Visitor: 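What follows is a structure written as structure tokens; I'll ask about it next.
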Amino acid sequence: MVSQKESVSHNKQLVALGLALQALREEETVDGLIRVTLDYLKAEFDYALSWLGLYDPTGHQLLGKGGSCTTGDTGFFKRRFTMQPGDLLEQVVMQQRPVGVPSLPEESRAGEWSAAAQRFGIQGTLIFPVYHRKNAYGVVILGSALWGTSPRADEKVRLSMVLGELAKSLSQLQSEQQRKQTKRPDEPLLNLLPKLRSLPTLKRRLEAIIDETHRFITPHRTTIYWYEPERRYFWKRLSSRETGYTTGEAKQTGLEIPVQEISSFYNALTADQVIVVGEVESSLRADTTGRLMQQIQAQSLIAAPIIFQGEFLGFLAVEGNKARIWTEEERTFAKGAAQLIALVAPLDRMEETVQQVKIDQGLTAEVSRAMYSEADWLSALKKCAEQLVQRLRAERFLVLLYNKDLKKFEVCYQNQPPGKRRALPKTLEPLSTVDWQMIERQSETIAIEN
């Protein structure tokens, strides 16, 4: 039968175990978890030495986090221990099974711990793994001054529960830390949407997208390349290194990349593929991207296509001057940013259309004025001619009146830029029969290309 004294002791152990487990669940820092665990081991287990080390898989090392011993010399416990193949500590970490050592000073596979055990007066030693779901997080060493000490069954249970809860809490903290460190492309892209709505022009919107892309991915350059379908080449529209941006007629002065030189690259973009050129991988063969990388003077690249309603407009380029491994989050962000550009790009045409409507309205007003104001018809016609030439990008504006008596057209007004061909004679030669019949039958504007 269990004595009353043993029962009380057992109840105290359960209470201490419960408090330790609860403290481990509520602790939010690694140092706090280490402190709770070491305090519990020191208070609840009668060992001359206790030590806890966390596993660093990068260097295959154990980082000493602290412990206690009867000699009071704890400086050794904060050292970094590099594990070698065949070491006891490596065996425990890799196999995730506890190991008992009858005499640690005599154990050849104990490394630095053999000499330390002799200095601390330690003999029988237990080495327990700290692991969760087959992931190693560290080890715990418990040493006794007696030879060949082994834990009782209840001690094994309590150690298993405490170290299991420690490993679980370490796993959760590690996951949370990785989550915070991992770039989340959705958040900055969503935050960018209301900002784009408040910006007045396409230029400002493109600048905002480039700025956010550059901030998230931190490359050497972030550039928008626009596609010119008539001449089939790309030109640099806006770059994070430029103070302004190039559009319209000024685009001819910037970098031009003919499609014929990068046909595979162009075909992949038009197929809505994100192209990656990095340190250890590339979406396309090196010989197909070499010319492009040479022209943009980059060693690494993410290129995301800009496509609106099936129309290929260009691509967003994230460029690095050095070889780089691009993360999946960075690729996702570049693709999302390119899609935002595709959504705001039609606003450029809309702004041009609105501006052109204003010009056409003014032109219509001038025409009306010429028609209804006989006193000022010549001045109104001159203004009308200037606007019409500008609107149609023409070189000459003529008003012809048909003289029935002469059966010829008379030039009653003509406008042409200075330095162009001489003015036409006042009377033009008669039209041919075919031309005359065409004009008579035509109820709409006649356009002649050549």
Side-chain angles (χ1 to χ4, degrees), residues 185 188-189 192-193 195-197 199-214 216-217 219 221-242 244-277 283-284 288-289 291-293 295-296 298 301-319 326 330-356:
L189 287 174
L192 188 57
L193 287 174
K195 183 177 181 180
L196 293 178
R197 289 200 302 265
L199 295 174
T201 64
L202 175 64
K203 174 186 174 183
R204 296 281 301 279
R205 295 184 179 100
L206 295 180
E207 288 175 346
I209 294 173
I210 280 188
D211 290 344
E212 195 62 44
T213 303
H214 201 76
F216 184 85
I217 303 179
R221 291 177 304 280
T222 304
T223 307
I224 296 175
Y225 291 93
W226 220 243
Y227 177 57
E228 175 56 55
E230 294 182 2
R231 293 178 53 193
R232 289 179 58 79
Y233 71 92
F234 294 102
W235 57 279
K236 183 188 294 187
R237 178 163 192 167
L238 179 64
S239 178
S240 58
R241 295 184 61 185
E242 298 174 0
Y245 92 122
T246 306
T247 56
E249 293 78 13
K251 66 188 177 186
Q252 304 297 340
T253 62
L255 172 67
E256 294 183 7
I257 307 174
V259 167
Q260 63 184 9
E261 296 183 3
I262 53 170
S263 56
S264 298
F265 179 82
Y266 167 79
N267 292 335
L269 287 176
T270 54
D272 201 16
Q273 297 180 18
V274 176
I275 299 174
V276 178
V277 179
S283 303
L284 301 174
T288 64
T289 58
R291 176 60 176 163
L292 172 68
M293 304 301 285
Q295 289 201 354
I296 66 176
L301 169 73
I302 300 177
I306 303 171
I307 301 176
F308 179 73
Q309 293 183 347
E311 180 184 359
F312 177 65
L313 304 177
F315 66 94
L316 173 68
V318 177
E319 307 165 16
W326 304 106
E330 290 168 343
R331 304 179 197 188
T332 301
F333 190 96
K335 182 176 183 179
Q339 291 174 345
L340 282 181
I341 295 174
L343 291 176
V344 301
L347 297 175
D348 187 28
R349 299 176 183 175
M350 185 182 302
E351 291 171 1
E352 291 181 357
T353 301
V354 170
Q355 184 63 28
Q356 196 57 64

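When reading the values below, keep in mind they use all heavy atoms of this one structure, side chains included, and skip hydrogens, waters and symmetry mates. Quick caveat: nothing in here was measured; it's all calculated off a predicted structure. FYI, the numbering just counts along the sequence from 1.
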Visitor: Which residues pass the ring-ring contact (aromatic ring centres under 6.0 Å, His included) test with F216, not counting sequence neighbours?
Guide: F333
Visitor: Which heavy-atom pair separates R221 from S240 by the least distance, and what is that distance?
Guide: CA-OG, 3.6 Å
Visitor: How many angstroms lie between CH2 in W326 and CD1 in I302, if you round to the nearest 0.5 Å?
Guide: 5.0 Å
Visitor: For R204, which residues count as a side-chain contact (heavy atoms from CB on, under 4.5 Å) partner, sequence neighbours excluded?
Guide: L199, P200, T201, E207
Visitor: Compare every heavy atom of L316 with every heavy atom of A338, then report the nearest pair and how far apart it is.
Guide: N-CD2, 4.0 Å
Visitor: Suppose we screen for salt bridge (charged side-chain N to carboxylate O under 4.0 Å, His left out). Which residues come up paired with E212, at least two apart in sequence or across chains?
Guide: R215
Visitor: Give me the atom names and distance for the closest heavy-atom approach of G336 to L189.
Guide: CA-CD1, 4.0 Å
Visitor: Taking all heavy atoms of Q273 and all of P305, pick out the closest pair and write down the distance.
Guide: O-CD, 3.3 Å
Visitor: State the NZ-CG distance between K335 and D272, to the nearest 0.5 angstrom.
Guide: 5.5 Å
Visitor: To check you understand the geometry: which heavy-atom pair defines the closest contact between T270 and I307, and what is its length?
Guide: O-CD1, 4.1 Å
Visitor: Heavy atoms, side chains only, cut-off 4.5 Å: are T223 and I296 in contact?
Guide: no
Visitor: Is any side-chain heavy atom of T222 closer than 4.5 Å to a side-chain heavy atom of I209?
Guide: no
Visitor: Going from CZ on F312 to CH2 on W226, what distance comes out if it is rounded to the nearest 0.5 angstrom?
Guide: 9.5 Å
Visitor: For a 4.5 angstrom cut-off between non-hydrogen side-chain atoms, does V259 reach Y227?
Guide: yes
Visitor: Can you check whether L292 reaches L301 side chain to side chain, under 4.5 Å on heavy atoms?
Guide: yes
Visitor: Between P219 and H214, what is the shortest heavy-atom contact and its length?
Guide: O-CE1, 3.3 Å
